[in-house]
Every structure is written in C-alpha cells, then in structure tokens.
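Each remark here refers to the structure printed beneath this line.
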2 protein chains.
Amino acid sequence: MTTSSVDREVQKRLGEHAIRYTTGRRAVVAALAGSDGPKSASELHGEIGSRVPLSSLYRSLTILEEAGVVIPHYGAKGLTRYELAEWLTGHHHHLVCLDCGAVEDVEIPGAQETQVRDLVDSISAIASFTPINHDLEVEGRCARCA
Amino acid sequence: MTTSSVDREVQKRLGEHAIRYTTGRRAVVAALAGSDGPKSASELHGEIGSRVPLSSLYRSLTILEEAGVVIPHYGAKGLTRYELAEWLTGHHHHLVCLDCGAVEDVEIPGAQETQVRDLVDSISAIASFTPINHDLEVEGRCARCA
DNA sequence: ATCGATAATGAGAATCGTTATTATAATCCT
DNA sequence: AGGATTATAATAACGATTCTCATTATCGAT
C-alpha cells in the first residue's frame, strides 16, 4: 500500500469517528508509513522535527491508537513502539533480533496463516480465552548479525 | 517440575555463575514457581511481603535475569512482568488480556507444538533469520473480562 | 573463630517514558 | 462573524525502574 493511499484510508477512518486529521497526525502517519518497523515516540519526534512537542506526539499516538490506526508494541525499558495497524499494512509477524534489537515484519503465505489461526483458536479454547489478535514472535539472530 | 526441584536447579545455575542464592532471591524464585503466569515487581512485592523493599526485588530480578533464570515480558504502561525461564518451566505460550493486562501461560499438545516449530522455521527462512526462541502471543479477553 | 575482602541489602533520591492539566489557538457550524 | 467544540503547547505530575551509598551479611584465608 502506498503512503498516499494509507493517508486516504486513515482520513476515511478518522472521518467515521469524527476525529480531525490534522497536520500533526498526518505527520505521524506519514512517518510510520515510511518506516521499516515500529517506531517509538522519541524516534518519531526526531524524524518529524522538534517543532512538534512530545506531548502532542503522544496525544496524536493515543488518538490514532483509539481509532485503530496504529498499534502499540511494548519493549524493554518501558519503551512503546508504534506501527500502522494491520488493515493498513497487511497481517504479519515479527522477527526480533536478540543482538541488534531490530524488529522485522514478515508476511507468511495464506495456507500457513490459516494454520496459525487454527492454532490460536485451539490454544485460546484451552483457557476459555477470546482471541482478538495474535503475533507469532520469533526471537533469534537477523541476517546481518548471524 | 516441583518448586523444590526448581529451587535446586536454580541453586546449581547460580553456583556456576558465582552468584549467591540468598533468601531474597529464593523468595522471588519461589513466588514465580508457584505462579500461573508472569508477575510484575509490585505483584511479587505484594506476595513476598513488604519486608523486602522494591529496590531489592528489582535487583534480584535483574540478577536472576542475567543468570538466565528469569525472563522479562514487557507490557502496557511500562510494566515488566517476569517468569521463570523455559528450561525450568517447560515451553509454553501466552494469552494477554487486553482489558486487565494479565498474562496467562498455556502449554499446548506436542503435535501442535511441532506445527508451531515448523511454522517458525519456515517464517524464519523467508528472512534468512536464525530462530532461537518463539512465542505465539494471543491477545484478547480473558475468561474473567469476557 | 576472626579478620579482611567482597557481595548483597535497605532506604531514599534520581531518572525517564508517559500522562494529566490548563491555558491558548485553531477549526467547525450556523 | 460569533460561539461552541476540538487540538495544541508548555509544563507539571506520575509511576515504574534504576542509581547511590551507607550498612550489613557472607565467603576465604589465616
């Protein structure tokens, strides 16, 4: 999905929720759309420029999260990294490098994704749990660090 | 694995690293061994009793993490929950409640675990990634919050 | 057992990511 | 334009975690 079509989809979604798509929020979405992985508030702050204060950035992220546009990803040292929700980027899983800390997105073929979903359902049933999302996180060493 | 055999294994492991197995650390390990899922520092503080100050608890957790006895699990609001490493508890996956934030461990039958491992291998191969651990995290609503 | 060296603890202050507050500015509606 | 509503900026507050350092416990050698 192109950055501009993401922009359009987000605008539509926010419109449905009667939430304005301001330049600050546009900047966040654009930064995330052009990103190769989840970004923290301070990383976004660096990219967007420090004219936008952190507090506004956090508020934008909260609003976008509530609207289902971005998804939080919690990491070490209390750091929360955000990425665009899967309806904008496609469903994927995460490869977390134990050496360099980078998080890589991977899409998997439909047949295997179906397998994952079945597993998720059967795991959830064991504990009377109602599944909403799932994420098969693989920790290891990325191609560069191997 | 029984609580006392966990204790013995941990003692052995710490001995190899020339780290003392003090009563404070024993208390943390015992609390985690008797738990059905990851616990945060303040939850442990509540269980162990407030005679042990939080700062000591955090230090114990850090030491135990460095020794590979305990594994951190990062969650919303900057909360880190700890659980015993899998060589002590056996391999399992996680159900994360989006409402109350509780994390529950689930073991899955061997046949399905094999499926998960195969998926992990095939996902990793896509990105020339060397898998070490994996965790199928299911987010949703727990039985209490449903 | 005792002494000295080393490691662990306790108590509190400091740090840092994040959230709340509040006053100001921008936007929408009629 | 005028009034209501919503977003922003600047800063204070908050809470989980970490740091500091003086005190205490533990280990090894004598």
Side-chain angles (χ1 to χ4, degrees), chain A residues 10-11 13-32 38-67 69-83 101, chain B residues 10-32 38-67 69-83 100-103:
Chain A
V10 171
Q11 177 150 38
R13 166 70 68 108
L14 293 186
E16 288 162 8
H17 288 241
I19 294 166
R20 294 184 193 147
Y21 197 24
T22 61
T23 55
R25 292 165 191 177
R26 242 176 243 274
V28 169
V29 170
L32 290 177
K39 288 273 162 63
S40 69
S42 53
E43 285 168 338
L44 291 170
H45 188 240
E47 284 188 23
I48 291 174
S50 31
R51 331 210 65 176
V52 179
L54 266 177
S55 63
S56 298
L57 241 168
Y58 275 111
R59 272 185 356 90
S60 295
L61 286 168
T62 303
I63 296 285
L64 291 170
E65 183 187 347
E66 284 167 0
V69 171
V70 305
I71 296 292
H73 206 30
Y74 307 111
K77 291 198 315 182
L79 234 97
T80 304
R81 290 165 201 275
Y82 290 87
E83 64 182 347
Chain B
V10 171
Q11 177 149 40
K12 201 170 80 181
R13 166 70 67 106
L14 293 186
E16 288 161 8
H17 289 240
I19 294 168
R20 293 180 193 152
Y21 196 24
T22 61
T23 55
R25 291 165 190 177
R26 243 176 241 274
V28 170
V29 170
L32 290 177
K39 288 274 161 65
S40 69
S42 52
E43 286 168 339
L44 291 170
H45 187 242
E47 284 188 24
I48 291 173
S50 30
R51 335 202 78 191
V52 180
L54 267 175
S55 63
S56 298
L57 240 168
Y58 276 110
R59 245 162 336 92
S60 294
L61 287 168
T62 304
I63 297 284
L64 291 170
E65 182 187 347
E66 284 167 1
V69 171
V70 144
I71 297 291
H73 196 54
Y74 306 111
K77 293 199 316 182
L79 236 99
T80 304
R81 291 162 197 273
Y82 290 87
E83 64 181 346
C100 67
V103 182

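So you know, we letter chains A, B, ... as the sequences are listed, proteins then strands, and number each from 1.
Protein atom NE2 of A/H45 is 13 Å distant from nucleotide atom P of C/dT18, rounded to whole Å. We find that CG of A/L54 is positioned 16 Å from P of C/dA20, with the value rounded to whole Å. Between the CZ atom of A/R26 and the P atom of C/dT27 there is a distance of 12 Å, given to the nearest Å. Remark: P of C/dC16 and CG of A/L79 are 12 Å apart, rounded to the nearest angstrom. As rounded to whole Å, 14 Å separates atom C1' of C/dA20 from atom NZ of B/K77. The nearest whole Å value for the distance from the CG atom in A/L61 to the P atom in D/dT8 is 12 Å. Atom pair B/L57:CG and D/dT17:P shows a separation of 11 Å (rounding to whole Å applied). In this structure, CD of A/E43 is placed 10 Å from P of C/dT18, rounded to the nearest angstrom.
Nearest-nucleotide assignment on DNA chain D puts the 5′-proximal partner with A/T23, out of B/Y82 and A/T23. Of the two residues near DNA chain C, B/P53 and A/A41, the one whose nearest nucleotide lies more 5' is B/P53. Positionally, the nearest nucleotide of DNA chain D for B/Y58 lies more toward the 5' end than for the other of B/Y58 and B/R20.
Across A/L61 and A/A41, no two heavy atoms sit closer than the pair CD1-CB, 4.1 Å. Scanning all heavy atoms of the two residues, the minimum distance from A/R20 to A/L14 falls at O-CD1, 4.1 Å. Taking all atoms of both residues into account, the shortest heavy-atom contact from A/H73 to A/P38 is CD2-CG, 4.0 Å.
Annotation: side chain of A/V28 is not in contact with side chain of A/Y82 (no heavy-atom distance under 4.5 Å).
If you take NE2 on A/H45 and OH on A/Y58, they are separated by 10.0 Å, rounding to the nearest 0.5 Å.
Within the structure, a side-chain polar atom (N or O) of A/S56 is placed less than 4.0 Å from OP1 or OP2 of D/dA9. Side-chain N/O atoms of A/R59 include none lying less than 4.0 angstrom from OP1 or OP2 on C/dT19. Note on A/T22: every side-chain N or O is 4.0 Å or more away from OP1 and OP2 of C/dA26. An OP1 or OP2 oxygen of D/dT17 is reached within less than 4.0 angstrom by no side-chain nitrogen or oxygen of B/S55.
Contacts of A/S42 with the nucleic acid, taken as non-hydrogen atoms under 4.0 Å apart, are absent.
In this structure, the nucleotide among D/dA9, C/dA11, C/dA8 sitting nearest to the side chain of B/R25 is C/dA8.
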